Structure formats: structure tokens, C-alpha cells
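First the structure, in the form of C-alpha cells, and then the observations on it.
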Protein chains: 2
Amino acid sequence: MDKPVNTQTLIKDQGVPRIVVVGGGFGGLELVKGLRKMNAQVVLFDRYNHHTFQPLLYQVATSGLETGSIIYPFRKSLNRQKNFFFRLGDVKHIDADNNQVETSIGSVKYDHLVIATGATTNYYGMQDIAQHAVPLKEIQDSILLRNKIIKNFENALLTADHEKRNSYMDYVIVGGGPTGVEVAGALAELKKHVFPKDYRELNLMEMDIHLVEAGPRLLGAMSEKSGAKAQQFLEKMGVKVHLNTSVKSYDGYRVTLGSDEELITKTLVWAAGVKGAPIDGIRVESMVGGNRLKVNHFNQVEGYDNIYAVGDIAAMIDDDNPKGHPMMAPPAMQQGRHLAKNLLNKYEKDRPMKPFKYFDKGSMATIGRNKAVVEMPNGSKTQGFFAWLIWMFIHLMYLVGFRNRLLVLINWVMSYFSYDKSNRLIIGRTGVEDFQEKDNVIKPGNPQLSKNP
Amino acid sequence: MDKPVNTQTLIKDQGVPRIVVVGGGFGGLELVKGLRKMNAQVVLFDRYNHHTFQPLLYQVATSGLETGSIIYPFRKSLNRQKNFFFRLGDVKHIDADNNQVETSIGSVKYDHLVIATGATTNYYGMQDIAQHAVPLKEIQDSILLRNKIIKNFENALLTADHEKRNSYMDYVIVGGGPTGVEVAGALAELKKHVFPKDYRELNLMEMDIHLVEAGPRLLGAMSEKSGAKAQQFLEKMGVKVHLNTSVKSYDGYRVTLGSDEELITKTLVWAAGVKGAPIDGIRVESMVGGNRLKVNHFNQVEGYDNIYAVGDIAAMIDDDNPKGHPMMAPPAMQQGRHLAKNLLNKYEKDRPMKPFKYFDKGSMATIGRNKAVVEMPNGSKTQGFFAWLIWMFIHLMYLVGFRNRLLVLINWVMSYFSYDKSNRLIIGRTGVEDFQEKDNVIKPGNPQLSKNP
């Protein structure tokens with residue numbers, strides 16, 4: 001591609017209203033599908049050519065799943081939808097006065113704009129952590145983390161220095177939410193079942209996995225019982241859980257905790273928070289805490305008539321949800337589907353829009369084989385094997401595409417019986433280059449380069 | 001990893017002979033497996049942590065297969081072999097006087113050295129082609145080509161200029177051997193079955209696929225009949241076959257043929273030749289044409305007593321094989337297995353080594369669904385559907401690992417019934433960066449960066 005092209009070249013005007021959707025995550029994708037019958041031109045912009053199933057990123061990062069089985073090309077999912085148009089590009093600026101967005105591939109006019117840019121990792125302003133930690137929000141993050149874990153063990157073989165060897169073998173995960181818990185559990189399984197066979201020359205007892213949480217318990221969004229159960233599962237698997245503990249600094253080698261205790265690791269996984277990933281050009285008065293966009297019950301961004309937002313980026317604040325809905329897949333999907341109906345109502349059927357209402361389906365996290373915690377919205381809870389089956393079933397169900405479901409299922413079945421995780425592959429650059437040094441080139445944790453969506 | 005470490009740290013001396021194997025391709029891997037019962041320390045060096053099944057690289061490049069299904073971690077295949085040690089590193093120099101190799105991670109002593117570094121792309125000294133063409137020898141090549149093909153079509157949407165659009169949609173493949181034929185066939189299938197659905201805005205009739213071969217027919221290593229049949233298959237699928245045609249230059253946009261005819265394309269796939277990838281330090285007298293190492297019938301490199309070579313890098317020249325064996329998987333695998341027996345005979349059982357004899361199992365190439373050509377060593381030939389079944393069966397059988405076989409089989413079955421190729425994914429960097437410009441960073445076609453094995 002050469003220079004940014006003008007509107008007319010970027011996409012042909014079809015004489016029907018143009019709805020531009022920015023971001024094909026859970027919210028954006030459901031919205032686009034919901035608009036399939038609308039007499040409109042639906043244009044999706046994304047920086048990737050595929051949807052990413054974020055809840056399973058950690059399994060790619062820990063060699064459990066293949067990259068290709070949790071991402072799915074937009075064009076493949078939607079190529080039967082006649083009003084759908086995809087453009088691979090990064091939306092950089094919204095010019096609301098002129099109903100136009102500026103993108104990396106040119107400008108485009110919209111009649112209605114839907115922002116579904118999701119969330120990005122929140123380092124709470126700590127630059128050293130942003131520079132050295134590994135986030136886990138995008139497919140690229142999970143590939144980098146997988147490469148890094150395997151490279152770490154190859155490097156650990158090469159040093160006689162005890163502390164240095166441990167810096168390669170030890171892991172610090174910050175954030176006791178579902179992602180942190182799941183990463184810690186998966187690393188504990190690698191330690192127990194996989195690495196002792198792969199690295200007979202190393203003493204795997206030396207591998208320490210630390211899970212650091214600032215709050216008083218794990219899985220803060222779930223009940224105390226579930227948090228305690230997850231902790232019990234993890235500790236039984238050898239994970240060292242640090243509660244009420246913050247992280248002060250990290251220089252790529254030394255982690256300083258709030259207590260001034262130090263941990264040594266080359267790999268700090270940051271799963272301690274997210275923030276909205278807004279687009280430049282939206283007036284600041286429409287933003288609330290955590291970089292989210294304030295929307296009304298129709299997902300309209302405050303102060304705009306034809307700009308909407310769904311998913312993590314949208315903060316729908318009311319008495320029931322003083323901070324908006326949780327930044328997770330279910331509210332995003334529900335908002336996407338709901339907004340599609342509202343756009344149809346408002347612009348095509350001339351009916352009033354209906355306010356969004358979130359249907360809480362419960363929450364869950366898995367810790368490892370046969371271990372999960374599940375909470376239903378009616379308050380019922382289950383833990384262990386049955387919860388783990390529910391967790392797997394729900395994740396398979398929500399994966400996009402029959403093929404991906406089949407591949408993930410086969411991988412899970414084979415891993416279950418073999419106790420193995422097969423994707424221990426360094427892909428993306430030659431294994432011999434030093435990962436640490438090259439790393440900054442595309443590392444998404446680097447704030448200047450941080451990507452959305 | 002910090003600085004190169006000394007021998008003692010790099011790998012512990014176990015008081016038994018140390019056999020260092022450089023490269024885990026078909027030859028190296030079979031050799032290592034064949035040594036499993038030897039009272040020796042078998043140390044494999046490779047730049048990747050996985051074996052690559054090169055015959056299917058083209059299917060990864062054309063979205064037919066997932067990356068992970070044709071590569072397999074060395075540690076996973078060999079972690080039950082007690083005398084096996086793996087080191088992720090690049091062997092840079094052989095110091096034969098001191099029985100030592102210098103690698104990117106330090107020096108290591110050997111008692112016996114086996115060079116199995118394979119082959120690399122041969123541009124026959126044409127720097128412009130080396131710089132701009134896409135090779136297809138490593139897993140990284142196939143990912144880059146896949147990314148590039150998809151990015152090309154996304155870019156083609158953005159230009160109103162006819163020639164420029166065609167430069168993105170047209171493909172020139174140089175080399176009419178199996179790789180060239182297979183790439184051309186796979187692109188023709190994308191053109192017919194996949195891209196018309198994905199890119200409704202483009203006129204796929206504009207997509208031209210040129211296959212350029214310097215010799216008088218395709219599949220020069222096979223019979224005239226097979227070459228003609230492959231050509232007939234391809235032409236029926238719309239591929240433009242140019243025989244007796246050389247390529248003079250390529251600047252990334254304009255291909256100049258020997259006839260001074262010009263073709264316009266952003267993507268020239270170079271499958272026109274390979275050459276050995278030797279390691280620095282071997283005396284020049286031991287090298288023959290095509291950068292291969294001259295070996296005797298015991299795979300000993302000429303002029304050395306304890307240095308051996310197997311596979312593409314080894315030229316075992318005799319009356320039957322004036323240029324050595326063909327640079328393909330079967331001779332490499334047979335040499336690897338045979339050398340393992342000879343090393344056991346010579347160093348452990350004190351028996352004489354036996355000369356290697358190549359058992360020709362025939363050759364084959366596939367053109368697309370239901371289409372292949374197969375030749376048996378007894379001269380019998382078959383083409384079409386039955387040949388295609390044989391091709392698939394043989395490739396599945398030789399894939400490393402049950403899991404990879406299963407994944408490839410499922411992919412093939414699903415693709416067969418859906419006429420789809422599902423892995424249309426841009427992975428490795430964000431889709432919005434300009435592929436062309438970033439490309440040189442890790443492009444293996446770049447001669448300074450060319451990798452072996």
C-alpha cells in the first residue's frame with residue numbers, strides 16, 4: 001500500500017447509510033452480524049484481519065493451543081453477509097464535525113460510527129513495568145510470551161550462576177483476576193508435567209511461580225469462597241500466592257514488591273488491569289475514569305448523536321452499575337447485538353430505541369486440569385471437576401467457527417490424556433536471536449507502540 | 001542469554017564420546033534417532049527449536065495448513081532418548097584441528113561431528129532477486145508469504161490504478177519443480193474457490209498466476225509424461241506456464257524475462273534452485289559445485305576422519321550419481337539412518353562401516369485437489385485422483401508426530417469438502433504496518449541474513 005487514499009477509493013459509496021465499526025472484538029463482531037439485514041453499508045476496520053478469542057490467549061502463551069485455533073479471519077466469518085465490508089487499517093482520529101474518520105489507509109465518511117476498540121493493558125503510569133513486563137491482551141502478546149518462556153528454559157541450561165538460572169526459570173504474575181490465575185495454573189502444569197521431560201538437565205524444583213495480587217483475595221470479582229478455592233488449588237500445585245501485595249518496580253530482572261521484598265525474574269506477566277482504548281478526537285467530557293467513553297442506555301456516546309460505543313470501551317453508568325459493566329466478553333457481545341437492533345429500529349424501522357439491559361450469566365475461571373470455579377447469577381457456586389467441564393463447554397461454545405472449535409477440542413482431549421502441551425514452538429523469528437534485545441521492536445507493552453484494538 | 005559461555009557450561013562432559021549433530025532436518029533427525037542405543041552423548045544444534053516438514057511449507061504459505069501442524073519440537077520428539085541433548089544455537093565455525101565448533105552460544109568439543117545443515121535458496125548470484133523475491137525453505141518464509149498474499153489483496157482494494165492493483169493480484173513463481181508447481185496450483189485454488197468470496201469487490205479474473213521455468217518442461221526430475229500432465233492440469237486451472245524462459249531481473253515490481261518480456265508483480269516466489277549451506281571452517285577442497293560437501297560412501301567428509309555429512313549438504317559422488325543424490329527428503333533420511341548404524345559399527349562394535357546405497361522410492365508432486373503425478377522407481381506412473389491419494393498418504397505418513405498427522409488430516413478433509421482454506425491469517429506483526437518496508441528485518445531471502453540449517 002502506498003499513500004493514504006481518498007474516501008472515494010477507500011470504499012465505494014453505495015447510496016445507503018454507511019455504518020463504520022471500529023474494532024472486531026466480541027462487541028464489534030456481534031454488532032456487525034446483527035446488522036446483516038439492514039439496508040446499509042457496514043464497514044469494519046481492524047488492525048488485524050482476524051477476530052481474537054481473548055479468553056484463551058493464555059493457553060496459546062503456555063503452549064496448550066495453536067495460535068490459529070483461537071483467531072478467525074473476519075472475511076471468513078462474514079463473507080456471506082452482503083452488506084459487510086472489511087478494511088485492514090488503524091483508525092487514528094475521529095473528525096465528528098465532518099462525520100469522518102482518519103485511518104492509516106485514508107479517510108472515510110460515516111453516517112453512523114460505532115467504537116468497539118476494546119481495552120488495552122493498564123500499567124497505571126508505571127513506565128518501567130510497561131517497558132519490561134509482558135502483557136496478555138493480543139495474539140501477538142501470547143506468541144511473544146510463549147517464545148519467551150521456551151527461550152528462557154533454553155537459556156537456563158547455559159548458565160552455571162544460580163541466581164541467573166533462576167531468573168530464567170522463575171515467573172512473576174501480577175494480578176489475581178481470571179487471567180493471572182489461569183496463567184499461574186498453566187505454568188504450574190508445565191512445571192509438573194512437561195518441562196521435567198524436556199529439560200532433564202535442569203532441576204525443576206528450582207522453578208518458582210509467584211502470583212501477586214494487591215487485594216485481599218484472588219478473583220476479586222467473584223465470591224470469597226471461589227477466591228479461596230482458587231488459591232487452594234494453586235497452592236496445591238506449588239504456586240506462591242502473595243495477597244495484599246503491590247508491585248513497586250521492575251527493571252527486567254528485579255521485581256520490588258510493596259513490602260520491599262525482591263523477586264528475581266526475567267519474566268513478569270502483567271495481568272493487573274486494563275483501561276479503555278479510545279480514539280483521538282472524542283471530546284474529553286465524554287470520557288470517564290479508566291479511559292472509557294460515557295454512553296447512555298442506547299450506547300450513544302455522550303455529546304454525540306451518531307457515535308456509539310460498545311464493549312470494554314463503553315461505560316454505561318447507572319445506579320446498578322456505578323462503574324459501568326464489567327470489561328468482559330458477555331457485556332460486549334450483548335451490547336453489540338442490542339445496538340444492532342437499536343440501529344435497525346431507529347434508522348430503518350423508525351421505531352424508538354430500547355434501553356440496554358445486561359443479563360449476567362455468571363463468571364468463571366479455570367486453574368488447571370479438573371480444576372475451575374464457576375458462579376451462577378443466582379448465587380450457586382461449583383468448584384472442581386464439574387466446574388471445569390462447564391468452563392470448557394462454555395469456551396468451546398463461544399469460539400468462533402466450527403473449525404476452531406474442533407481444533408481446540410482435539411487439542412484439549414489429547415492434552416488431557418497425554419498430560420502434554422504440544423505447541424512448545426519458538427515461531428516468529430529465529431530462535432537464536434536474543435529475545436530480550438529484539439523484543440522492543442514489536443512488543444505491545446511498549447507504550448509508544450501500544451495497539452488498539 | 002548473555003555472553004557465549006565456555007564448553008564446560010554449555011554442556012556437561014559425561015565421559016562418553018560426544019557426537020555433535022548440526023541441523024535437525026530430515027537427515028539430522030533420523031541420525032539422532034538411530035543413535036538412541038549408542039553409549040554416547042548426542043548433541044543436536046539447531047537455529048530453531050523444532051523440526052520443519054519442508055514439503056508442506058507451500059500449504060502453510062497458501063493458507064491451507066496451520067503453521068504448528070508441520071513443525072514439531074525436537075524436545076517433544078526426543079525427550080525419551082536418554083543420550084539426546086538439544087542446544088538452540090547457530091553453529092558458526094568448525095575448528096577441525098581442535099575438534100571443536102564455535103556456536104552463537106559458545107564453543108563445544110566433539111569426538112565426532114555430523115553436518116546436516118541442509119540447503120538454502122540459490123539465487124545464482126542475482127542480488128536484485130535475492131533482495132526482492134520470496135523464498136520457501138523455512139517456516140518463517142511460509143508465514144511471510146502467507147501474510148504477504150493476504151496483505152496484497154487488502155491493498156488491491158485500495159487503489160484505483162489498474163496496473164498497481166494488478167501488481168498486488170498477480171503472482172510470478174519461478175521454478176517448475178515440485179515446489180513451483182505446488183505453489184502455482186494452490187494459488188489457482190485460492191483464486192477459484194476462496195478469494196472470490198473474500199474479496200467480492202475485486203474482479204478475480206484480473207488475478208494472473210505465472211509459472212516460469214528455464215527448462216523445456218515442468219518437473220524436470222520426472223518423466224516427460226508427468227511434466228506434460230502437470231502442465232495440462234495447471235493450465236486448466238488458469239495458470240500461465242512459461243517454458244524455456246529465464247528471469248533476468250526483478251526490482252520488487254517489474255520482472256524482466258529472458259525474452260525481455262515484462263511481468264508486473266509485487267510477489268515473485270523463487271523456487272528455482274537450492275544450494276548447500278555449509279559451515280565456515282571446512283577446507284575448500286572438500287566442497288563441490290552447489291556448495292555441497294564431498295563425502296565418501298560412509299558419509300565422511302573428504303579430508304576428515306571424524307567429520308560426516310548427511311542430506312542435502314552431502315554430495316556422495318560416484319558413477320551412478322555424478323552430482324550426488326537428489327537434494328530431497330528420502331536420501332537425507334536414508335543417509336541419516338545409515339550413518340547412525342555406521343557410527344555404532346565403527347566406534348562401539350568395532351565393525352567395519354558399510355557403504356551407503358540409495359533406495360529410490362519414486363517421486364511425486366501435487367497440483368491441487370484430485371490432481372497429482374506419481375512415478376514409481378520401476379517406471380510405472382500414475383496421474384490424477386489416485387496419484388493424489390498416494391501423495392496425501394505418503395505425506396501424512398512421513399509427518400513427525402501423531403498430533404501433527406491428525407491436525408493435517410482434519411484440515412485436509414475439511415478443506416476438501418468445503419473448498420476452503422481456513423488459515424487466511426496475518427500473524428507475526430500487526431496487519432497495518434507496511435509489509436514491504438518492514439520485511440527486510442527478518443526476511444530470509446536477504447543474503448546477509450540467510451539462515452542455515
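Quick note on labels: first sequence line is chain A, next is B, and so on, each numbered from 1. Worth saying up front: this structure is predicted, and the values here are computed from it rather than measured.
A:Gln54 places a side-chain N or O within 3.5 Å of a backbone atom of A:Lys137 that can act as its donor or acceptor partner. Listed for the B:Asn49 side chain is no donor-acceptor partner under 3.5 Å among the backbone atoms of A:Ile150. At least one donor-acceptor pair under 3.5 Å links the side chain of A:Arg87 to the backbone N or O of A:Leu10. Checked by atom type and distance alone, the side chain of B:His93 never pairs as donor or acceptor with a backbone atom of B:Glu102 at under 3.5 Å.
Heavy atoms closer than 4.5 Å to chain B are found in both the backbone and the side chain of A:Asp198. Heavy-atom distances place the side chain of B:Ile410, and not its backbone, under 4.5 Å from chain A. Neither the backbone nor the side chain of A:Arg80 comes within contact range of chain B; no heavy atom of the residue lies under 4.5 Å from a heavy atom of that chain. Heavy atoms closer than 4.5 Å to chain B are found nowhere in A:Ile139, neither backbone nor side chain. Heavy-atom distances place the side chain of A:Leu407, and not its backbone, under 4.5 Å from chain B. Contact of B:Asn404 with chain A is not made at all, since no heavy-atom distance falls under 4.5 Å.
With chain A as partner, the option from B:Phe402, B:Phe74, B:Phe85, B:Tyr72 having the largest number of non-hydrogen pairs under 4.5 angstrom is B:Phe85. For the set B:Ala160, B:Ser422, B:Gly68, the entry with the most heavy-atom pairs within less than 4.5 Å of chain A is B:Ser422. No other option in B:Lys197, B:Met414, B:Arg424 has as many heavy-atom pairs under 4.5 Å with chain A as B:Arg424. The most heavy-atom pairs under 4.5 Å with chain B, out of A:Leu157, A:Leu406, A:Val194, come from A:Leu157.
In terms of the ring-ring contact (aromatic ring centres under 6.0 Å, His included) criterion, A:Tyr253 has no residue partners (sequence neighbours excluded). By the salt bridge (charged side-chain N to carboxylate O under 4.0 Å, His left out) test, A:Lys76 pairs with B:Asp420, sequence neighbours left out.
Here CG of B:Asp13 is found 5.5 Å from CZ of B:Arg18. Values are rounded to the nearest 0.5 Å.
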